[in-house]
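This report refers to the structure that appears directly beneath it.
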Amino acid sequence: MLQSKCKKIFSELSDFFISDEKVISQTVQLYKAMKLDTIKTGLKDYRQATYRKVDILLIHLLMPLFDVYSPVDYLNSWLARQFQACSSTLYRFKNDAMVNWRSICTQVYKRLNEYVSRQGEDNPDSPRCIIIDDTDLPKTGKFIEHVGKIWSHTIGRSILGFKGLFVGYWDSKTFQCIDFSLHKELGKNQKQPYGLPKKVLSRQYSKYRDDNTPGYKRESELYESKIENAKEMLKRAIKNRIKFDYLLIDSWFMCSTLIKFVLDCKANILGMCKMGKTKYLYCNKELSASDILKRLRRKSKLKWYKRLGLYSLQCEVEIKGTKIKLFFCRNTRRGKWHMLLTTDTSLTLERAYEYYSIRWSIEVFFKEAKQYFGLTDCQSQDFDGQVADISKVVMHYNIFSIMKRFTDYETLGELFREIKGQ
């Protein structure tokens, strides 16, 4: 029979944290309440194994509490002295294509929500929102599996790395990341696909993955459209019974196919939209956003919203048979116009602006995950290792977000530094 270390790990952890500090006590209690020893990793356990696979996963999840962020750092930590699992054991687990990291993240997310529900917290008056956005994940090694050049809109040039597409959930109080995928960009230069010379691409690390493994499915997502992958992640969220009122996106993701998909999910979409060539049906004519704005300015007077500090005009139009509402806004009378689009035609500008400001929580997630949890630090050549490290960051961030919710810390960074100090 397999030797289970989970109970021993928790008991030793409690002995190690002898402080009565509220944050330490609640962190340990949260880890216990999540019942991590029952999480399914996707790997089979063997009778001769000293540790179950879930025990190794637990050690990975405990690392941030001891200021450990890689198996190399683990060798000199208290965890290694206490549990004797060597770094190669952690590396093998992390790089195994059979480990279903997406399922593990979902299980941890569900257990965190069960913990929150047991606290009796609920705010039905505030909307539940799913937020989708992408971010740059820069890398330094050209021989990392599948790495390539991506265009960074932040700095305005190409960099080496991946594009990370993340889906987050705002439950009216806390933001949690619920899914992600990695993408690469082919580029326009056929002589240098993915922005790298073919000689470099041929020398990149590669390994065989069976078609039925989670690692193969993650690998195939690299070449898929971000819009299509966003739809798949929304389907998984709905399948996992995650209810949401609004999907919040920026102008890059706003398109008619995503609008129709969200409406079919019995939810609404809210986001910025480009003042481009897209045609809308307004006053029985197909007009672009700029043409609609010109007509509105001739027909009605600019309205000043003092609380928002915005001048605005609004109207209802149709796009491919779907009724939507457009808000045209600018800060000054001569400022640049921006357009906000929503399928909820009952929204006022104040309410739409308030709801859309929730989208900023995913930008905070990107900043804090990179700053405190090392979202971009992994330089593993194995693509499965890249997925594993990002998955751990997602789980760590979600756990610390819930901790922040039930403690008195104003920021996640303050909570993070306090735990490291203890």
Side-chain angles (χ1 to χ4, degrees), residues 30 33-36 38-40 100-134 164-181 214 217-218 221 226-250 253 257-271 342-344 355-366 369 387 390-406:
L30 177 58
M34 289 168 62
K35 298 181 181 178
L36 297 176
T38 60
I39 283 182
K40 297 177 181 178
N100 194 340
W101 286 103
R102 178 165 279 143
S103 174
I104 292 171
C105 289
T106 302
Q107 291 176 70
V108 170
Y109 167 77
K110 286 182 177 179
R111 288 162 196 236
L112 284 170
N113 276 335
E114 289 172 4
Y115 176 81
V116 171
S117 63
R118 287 198 295 270
Q119 308 303 313
E121 286 202 352
D122 196 17
N123 188 7
D125 296 330
S126 181
R128 271 66 171 172
C129 303
I130 284 184
I131 310 167
I132 296 178
D133 202 4
D134 61 353
L165 178 64
F166 290 82
V167 177
Y169 182 63
W170 174 263
D171 66 356
S172 77
K173 286 191 176 181
T174 306
F175 175 88
Q176 293 186 72
C177 182
I178 59 176
D179 207 348
F180 75 91
S181 61
K217 294 177 182 177
R218 287 281 194 176
E221 291 174 353
K226 283 190 281 187
I227 296 293
E228 291 302 317
N229 223 359
K231 288 164 64 176
E232 291 300 317
M233 288 193 277
L234 283 173
K235 288 179 183 178
R236 282 194 291 269
I238 295 169
K239 186 178 179 180
N240 289 320
R241 300 180 181 180
I242 297 176
K243 297 180 181 180
F244 65 101
D245 304 307
Y246 293 93
L247 172 67
L248 307 180
I249 53 176
D250 63 12
F253 292 93
T257 56
L258 196 55
I259 290 173
K260 185 179 183 303
F261 178 81
V262 173
L263 287 174
D264 291 340
C265 297
K266 298 181 180 179
N268 287 293
I269 198 168
L270 174 63
T342 180
T343 54
D344 186 357
Y355 290 171
Y356 186 68
S357 64
I358 296 172
R359 199 199 72 84
W360 188 250
S361 59
I362 198 169
E363 302 290 353
V364 176
F365 161 70
F366 291 149
V387 172
I390 296 173
S391 299
K392 290 194 297 179
V393 168
V394 166
M395 289 184 282
H396 292 150
Y397 184 90
N398 290 346
I399 290 170
F400 275 64
S401 293
I402 297 300
M403 283 304 307
K404 175 181 172 292
R405 180 169 178 162
F406 294 109

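Sequential numbering from 1 along the given sequence is applied to the chain's residues. Nothing here was measured: the structure is a model prediction, and the numbers come from that model.
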Margin query: To the closest 0.5 Å, what do you measure between NZ (K110) and CD1 (I242)?
Written below: 8.0 Å
Note to self: Using every non-hydrogen atom in the two residues, find where R236 and E221 come nearest and quote the distance to one decimal.
What the structure shows: NH2-OE2, 4.2 Å
Margin query: Once rounded to the nearest 0.5 Å, what's the spacing between atom CD1 of I362 and atom CG of D134?
Written below: 9.0 Å
Notebook entry, point to check: Does F253 have any ring pair (Phe, Tyr, Trp, His ring centres under 6.0 Å) partners at least two apart in sequence or in another chain, and if so, which?
Noted result: none
Check: With side chains defined as the heavy atoms from C-beta onward, is the minimum distance between I132 and L234 less than 4.5 Å?
Finding: yes
Checklist line | Partners meeting ring pair (Phe, Tyr, Trp, His ring centres under 6.0 Å) with F175 (sequence neighbours left out) | finding: F365
Notebook entry, point to check: Any donor and acceptor pair, going by atom type alone, linking the side chain of D179 with main-chain N or O of R102 inside 3.5 Å?
Noted result: no
Margin query: Ignoring hydrogens, what is the shortest heavy-atom contact between I130 and A237? Give both atom names and the distance.
Written below: CD1-CB, 4.1 Å
Next item on the list: Please check if the side chain of N268 supplies one atom and the backbone of Y246 the other of a donor-acceptor pair under 3.5 Å.
Entry: no
Next item on the list: Grab the two heavy atoms, one from P127 and one from Y355, that are nearest each other, plus how far apart they are.
Entry: CG-CE2, 3.5 Å
Next item on the list: Could you pull out all residues at least two apart from K217 that satisfy salt bridge (Lys or Arg N to Asp or Glu O under 4.0 Å)?
Entry: none
Note to self: As an exercise, state the distance from OG1 of T106 to CG of N100, rounded to the nearest 0.5 Å.
What the structure shows: 8.0 Å
Next item on the list: Kindly give the heavy-atom pair with the smallest separation between R218 and F180, and that separation in Å.
Entry: NH1-O, 2.7 Å
Margin query: Checking I238 now: which residues fulfil side-chain contact (heavy atoms from CB on, under 4.5 Å) with it, not counting sequence neighbours?
Written below: F244, C265
Checklist line | Distance in Å, L248 CG paired with L270 CG, rounded so as to fall on 0.5 Å steps | finding: 5.5 Å
Checklist line | Rounded distance (nearest 0.5 Å) linking atom SG of C129 with atom CD1 of I249 | finding: 12.5 Å
Next item on the list: Could you walk me through whether S361 and I131 pass side chain to side chain contact (heavy atoms under 4.5 Å, CB included), step by step?
Entry: CA-CA 9 Å; S361 59; I131 310 167; 3.3 Å; yes
Item checked: With sequence neighbours excluded, residues passing side-chain contact (heavy atoms from CB on, under 4.5 Å) with E363 -> D133, R359, W360, F366
Check: Looking only at heavy atoms, what is the nearest atom pair of Y356 and G271, with distance?
Finding: CE1-CA, 3.5 Å
Check: Does some side-chain heavy atom of K40 sit less than 4.5 Å from a side-chain heavy atom of Q107?
Finding: yes
Check: Side chain of Q176, backbone of S401: donor and acceptor closer than 3.5 Å?
Finding: no
Check: Hey, are the side chains of I39 and R111 touching, using non-hydrogen atoms and a 4.5 Å cut-off?
Finding: yes
Next item on the list: Look only at the side chain of T174 and the backbone of I402, and say whether a donor-acceptor pair between them is shorter than 3.5 Å.
Entry: no
Notebook entry, point to check: Counting distance only, does the side-chain N/O of T342 pair as donor-acceptor with the main-chain N or O of I269 below 3.5 Å?
Noted result: yes
Next item on the list: Decide, yes or no, whether a salt bridge links E228 with K231 under the criterion of side-chain N to carboxylate O below 4.0 Å.
Entry: yes
Item checked: Shortest non-hydrogen contact between V108 and M395, atoms and distance -> CG2-SD, 3.6 Å
Check: Which value, rounded to the nearest 0.5 Å, describes the distance between H396 atom NE2 and I399 atom CD1?
Finding: 6.0 Å
Item checked: Which residues share a ring pair (Phe, Tyr, Trp, His ring centres under 6.0 Å) with Y169, sequence neighbours left out -> none
Next item on the list: Please name the residue in the list D264, L258, V262 that meets the side chain to side chain contact (heavy atoms under 4.5 Å, CB included) test with K260.
Entry: D264
